[in-house]
Amino acid sequence: MTRVVARPDRIDLDSPGRRDYWVALEHDSIWGDHLIPLTVWVGPEAREGRGLVAFGSNHGNEYEGPVALKHLLRTIRIEDVRGRIILVPVLNPSAFRAGTRESRPDDGVNLNRAFVDGAGVAPALSGITHRIAAFVRSHIWPRVHTVLDLHSGGDVARFSHAASYHRLEDPALEAKSLETARWFGVPSIMVYQNQTPGLLPSEAERLGKITVGTELGWGRAVDPLGVRYAKQGVLAAAIHQEQLRGEIEPIGFHREGTQRILEMVDRDCFVVAPFDGHYEPLLECGEAVRKGDAVGLLHDFDHIDMEPWPAVAAVDGVVLAQAWAAPVPRGQHIVVVAREVSA
């Protein structure tokens with residue numbers, strides 16, 4: 001296997017076969033390039049506008065996605081590929097090399113907020129992060145109909161393992177996203193708010209693509225169960241979307257029929273830290289709570305004699321996420337309680 005360094009206009013995502021690239025986007029600080037690993041398989045049944053892409057490291061300190069996709073580079077065989085499969089284990093090399101959520105030390109932009117008008121084109125939006133978004137728009141979106149964006153909690157939050165999507169105006173597309181999410185095998189299917197500007201999954205959904213995100217770990221570590229869920233979800237989507245030959249059996253909570261659909265689309269689901277402090281969880285992610293239950297405590301060690309502030313659930317539901325690092329700044333969402341809903 002030879003991995004070729006190539007500018008975006010020199011990569012081939014359409015001819016039959018397998019190709020491995022370092023996609024080169026010009027560096028802003030050194031005389032060189034940012035290198036994005038991309039592998040594409042194109043089989044005999046590939047069609048225009050049809051294919052699957054899976055991204056890892058949209059954020060640079062979330063590692064289950066990159067590890068799972070790196071494993072799949074070695075297990076997907078070209079003779080089993082029917083359509084088009086594109087794997088990008090590290091979408092944001094700047095953030096990944098720095099081990100940070102944003103693209104540091106370059107432009108400091110969060111890639112999952114960079115899919116905005118003018119990204120990579122307008123002078124004020126021409127840094128590396130927005131140019132990655134422009135590359136995805138120009139070269140990836142036209143060739144795929146299924147998008148998997150593999151995230152974890154990084155330093156910010158610990159989650160109940162989840163696959164995620166948004167409520168959509170197209171019920172048929174939403175149903176396909178839900179079914180794709182279920183196949184990851186995770187305990188929680190997260191339906192989240194769609195008001196944040198610049199999200200990669202939101203743009204893919206607006207373009208009519210089957211789109212699923214994940215939260216598969218936390219703490220800048222590699223969670224082996226999260227890696228297993230990631231590999232399962234990517235392979236299942238590729239098989240069910242007729243891009244890969246084979247059969248696959250359900251795993252985990254999907255196999256057991258115990259997955260919960262958890263909706264967090266309004267402000268009542270989020271508990272905000274009212275001051276800088278240290279967060280102590282009282283419950284585990286995935287536990288059911290009632291409105292008024294204390295999920296955790298926020299301690300102020302500058303006022304050592306002050307009673308800890310209770311982070312109280314504002315709705316009946318399930319603890320979907322909590323702050324991971326103990327020190328939290330004022331304004332951070334330290335608890336997310338999601339409502340359990342039906343499909």
Side-chain angles (χ1 to χ4, degrees), residues 3-28 32-43 46-60 65-66 69 83-96 102-103 106-107 109-151 173 196-213 237-238 241 243:
R3 190 165 292 275
V4 176
V5 178
R7 290 296 175 94
D9 61 350
R10 301 300 298 272
I11 66 174
D12 180 358
L13 302 178
D14 301 312
S15 300
R18 170 177 175 159
R19 285 165 298 282
D20 299 276
Y21 294 107
W22 291 109
V23 181
L25 299 182
E26 187 171 354
H27 206 290
D28 293 334
D33 298 300
H34 292 279
L35 300 178
I36 300 172
L38 180 152
T39 294
V40 58
W41 295 260
V42 180
R47 290 188 285 153
E48 184 176 352
R50 302 285 293 182
L52 175 144
V53 64
F55 298 114
S57 191
N58 183 325
H59 294 138
L69 296 181
R84 180 184 291 104
I85 299 172
I86 301 171
L87 299 186
V88 186
V90 177
L91 180 59
N92 189 344
S94 174
F96 187 80
E102 298 84 11
S103 303
D106 293 287
D107 56 21
V109 173
N110 180 341
L111 178 56
N112 211 30
R113 304 295 186 272
F115 285 77
V116 294
D117 290 345
V121 178
L125 301 174
S126 60
I128 182 57
T129 312
H130 288 105
R131 284 187 281 117
I132 293 171
F135 164 72
V136 171
R137 283 174 165 170
S138 62
H139 288 77
I140 306 296
W141 288 162
R143 293 174 168 88
V144 301
H145 72 290
T146 301
V147 176
L148 306 178
D149 190 23
L150 305 179
H151 284 261
L173 182 61
T196 303
L199 298 181
L200 180 154
S202 296
E203 177 160 290
E205 289 167 338
R206 287 194 297 271
L207 294 171
K209 302 182 190 303
I210 300 166
T211 306
V212 172
Q241 295 303 317
Q243 305 305 304

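For clarity, every value in this text was computed on a predicted model and none was experimentally measured.
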A.B. asks: Answer yes or no: is there a side-chain heavy-atom contact under 4.5 Å between L111 and L200?
C.D. replies: no
A.B. asks: With a 3.5 Å distance limit and no angle check, can you tell me whether R84 reaches the backbone of R50 through a side-chain donor-acceptor pair?
C.D. replies: yes
A.B. asks: Would you say P93 and L35 make side-chain contact, with heavy atoms under 4.5 Å?
C.D. replies: no
A.B. asks: Could you tell me which non-hydrogen atom of W141 sits nearest to which non-hydrogen atom of L207, and how far apart they are?
C.D. replies: CD1-CD1, 3.4 Å
A.B. asks: Give me the atom names and distance for the closest heavy-atom approach of N112 to P201.
C.D. replies: OD1-CD, 3.5 Å
A.B. asks: Determine yes or no for a side-chain-to-main-chain donor-acceptor pair under 3.5 angstrom, with R3 supplying the side chain and L38 the backbone.
C.D. replies: yes
A.B. asks: Can you name the nearest heavy-atom pair linking G198 to V116, along with the distance?
C.D. replies: CA-CG1, 3.8 Å
A.B. asks: Apply salt bridge (Lys or Arg N to Asp or Glu O under 4.0 Å) to R113 and list each qualifying residue two or more places apart in sequence or on a separate chain.
C.D. replies: none
A.B. asks: Do you know the tightest heavy-atom contact between A24 and P8?
C.D. replies: O-CD, 3.5 Å
A.B. asks: So which atom in H139 and which in L13 form the shortest heavy-atom distance, rounded to 0.1 Å?
C.D. replies: O-CD1, 3.5 Å
A.B. asks: Do F55 and I140 come close enough that some side-chain heavy atom pair is under 4.5 Å?
C.D. replies: yes
A.B. asks: In the structure I gave you, are the side-chain heavy atoms of Y21 and P37 within less than 4.5 Å of one another anywhere?
C.D. replies: no
A.B. asks: Would you find more than 12 non-hydrogen atoms of other residues, nucleotides or ligands less than 6.0 Å from D117 atom CG?
C.D. replies: no
A.B. asks: Give the C-alpha distance, both sets of side-chain angles, the deciding distance and a yes or no for side chain to side chain contact (heavy atoms under 4.5 Å, CB included) between L91 and V136.
C.D. replies: CA-CA 9 Å; L91 180 59; V136 171; 4.0 Å; yes
A.B. asks: Considering all heavy atoms of both residues, which atom of I128 and which atom of L25 are nearest to each other, and what is their separation?
C.D. replies: CD1-CB, 3.8 Å
A.B. asks: Nearest 0.5 Å, please: how far is OG1 in T129 from CG in N58?
C.D. replies: 10.0 Å
A.B. asks: Would you compute the distance between atom CG of N110 and atom CG of L199 and round it to the nearest 0.5 angstrom?
C.D. replies: 8.5 Å
A.B. asks: Report yes if some heavy atom in the side chain of V4 is under 4.5 Å from a heavy atom in the side chain of R19; otherwise report no.
C.D. replies: no
A.B. asks: In terms of ring plane angle, is the pair H34 and H27 parallel, tilted or perpendicular, where the classes change at 30° and 60°?
C.D. replies: parallel
A.B. asks: Strictly by modelled atom types, are N92 and S103 linked by a side-chain donor-acceptor pair under 3.5 Å?
C.D. replies: yes
A.B. asks: Go through R131 and D28 one step at a time and tell me if the salt bridge (Lys or Arg N to Asp or Glu O under 4.0 Å) criterion holds.
C.D. replies: CA-CA 11 Å; R131 284 187 281 117; D28 293 334; 2.6 Å; yes
A.B. asks: May I ask you to test the I11-F135 pair for a side-chain heavy-atom distance under 4.5 Å?
C.D. replies: yes
